[in-house]
Amino acid sequence: QVQLAESGGGSVQAGGSLRLSCAASGRTFISYHMGWFRQAPGKEREFVAGISWRGGSTYYSDAVKGRFTISGDNAKKTVDLQMNSLKPEDTAVYYCAVARNSMGPPHYDCWGQGTQVTVSS
């Protein structure tokens with residue numbers, strides 16, 4: 001059983017910054033990717049950013065590229081999301097996720113409870 005715990009959400013004005021953190025715990029497991037998703041009211045959950053533990057490569061959605069930075073520590077099973085230049089459209093519940101598949105595109109199958117991020121104009 002994998003547990004993911006997010007922290008760092010909150011409210012901020014447009015142009016501000018927030019930093020989200022996520023820690024994974026539970027029985028021994030191997031994760032090949034950790035990432036962040038978000039879901040705004042009335043919308044589907046969407047991918048935000050991910051990090052591959054093989055080489056440390058990172059990848060982002062076009063909506064956040066250049067504003068958000070993902071970083072992490074595989075040994076500690078933690079991942080952070082630094083969010084700068086926030087916009088009202090970034091308002092959503094943000095979820096941490098883990099992908100345990102070693103082949104092919106990451107399949108995120110473990111999820112945290114989510115943390116609310118609200119950006120006011």
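The residues of the chain are indexed from 1 along the displayed sequence. Computed from a predicted structure; not experimentally measured. The basis for the numbers below is simple: all heavy atoms, side chains too, and nothing from hydrogens, waters or symmetry mates.
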- Item | Pairwise side-chain contact, Ser31 with Asn74, heavy-atom cut-off 4.5 Å (strictly under) | yes

- Query: Tyr95 side chain to Gln39 main-chain N or O, any donor-acceptor pair under 3.5 Å?
  - Reply: no

- Message: Closer than 3.5 angstrom, by distance alone: can the side chain of Glu6 be matched with the main-chain N or O of Gly114 as a donor-acceptor pair?
- Response: yes

- Query: Does the side chain to side chain contact (heavy atoms under 4.5 Å, CB included) test come out yes or no for Leu81 and Val64, once each step is laid out?
  - Reply: CA-CA 11 Å; Leu81 185 68; Val64 307; over 6 Å; no

- Enter the distance from Leu20:CG to Ser7:OG here, rounded to the nearest 0.5 Å. 8.0 Å

- Message: Closer than 3.5 angstrom, by distance alone: can the side chain of Thr91 be matched with the main-chain N or O of Val119 as a donor-acceptor pair?
- Response: yes

- Does one side chain, of Gln82 or Asn84, offer a donor that lies under 3.5 Å from an acceptor on the other? yes

- Say you draw a straight line from CE of Met34 to OG of Ser52; how long is it, rounded to the nearest 0.5 Å? 12.5 Å

- Classify the angle between the aromatic ring planes of Tyr59 and Phe47 as parallel (below 30°), tilted (30 to 60°) or perpendicular (above 60°). parallel

- Query: Under the side chain to side chain contact (heavy atoms under 4.5 Å, CB included) test, which residues partner Glu46, sequence neighbours left out?
  - Reply: Arg38

- His33 and Trp53 have their tightest heavy-atom pair at N-CD1, 4.0 Å

- Message: How close do Ala40 and Ala92 get, counting heavy atoms only, and between which atoms?
- Response: N-CB, 3.8 Å

- Message: I'd like to check Arg45 versus Trp111 (side-chain heavy atoms, cut-off strictly below 4.5 Å). Are they in contact?
- Response: yes

- Message: Students often mix this up, so state it plainly: with edges at 30° and 60°, are the rings of Tyr94 and Phe68 parallel, tilted or perpendicular?
- Response: tilted

- Any Lys/Arg nitrogen of Asp90 or Lys87 sitting under 4.0 Å from an Asp/Glu carboxylate oxygen of the other? no

- Note on the structure: Scanning both residues in full, the closest heavy-atom pair of Ser121 with Pro88 reads CB-CG, 3.9 Å

- Query: Say you draw a straight line from OH of Tyr108 to CG of Asn101; how long is it, rounded to the nearest 0.5 Å?
  - Reply: 9.0 Å

- Message: Would you say CD of Gln3 has more than 12 non-hydrogen atoms from neighbouring residues, nucleotides or ligands within 6.0 angstrom?
- Response: yes

- Note on the structure: Residues Cys96 and Val79: closest non-hydrogen pair is SG-CG1, 3.9 Å

- Side-chain donor or acceptor of Arg100 paired with backbone N/O of Cys110 under 3.5 Å: no

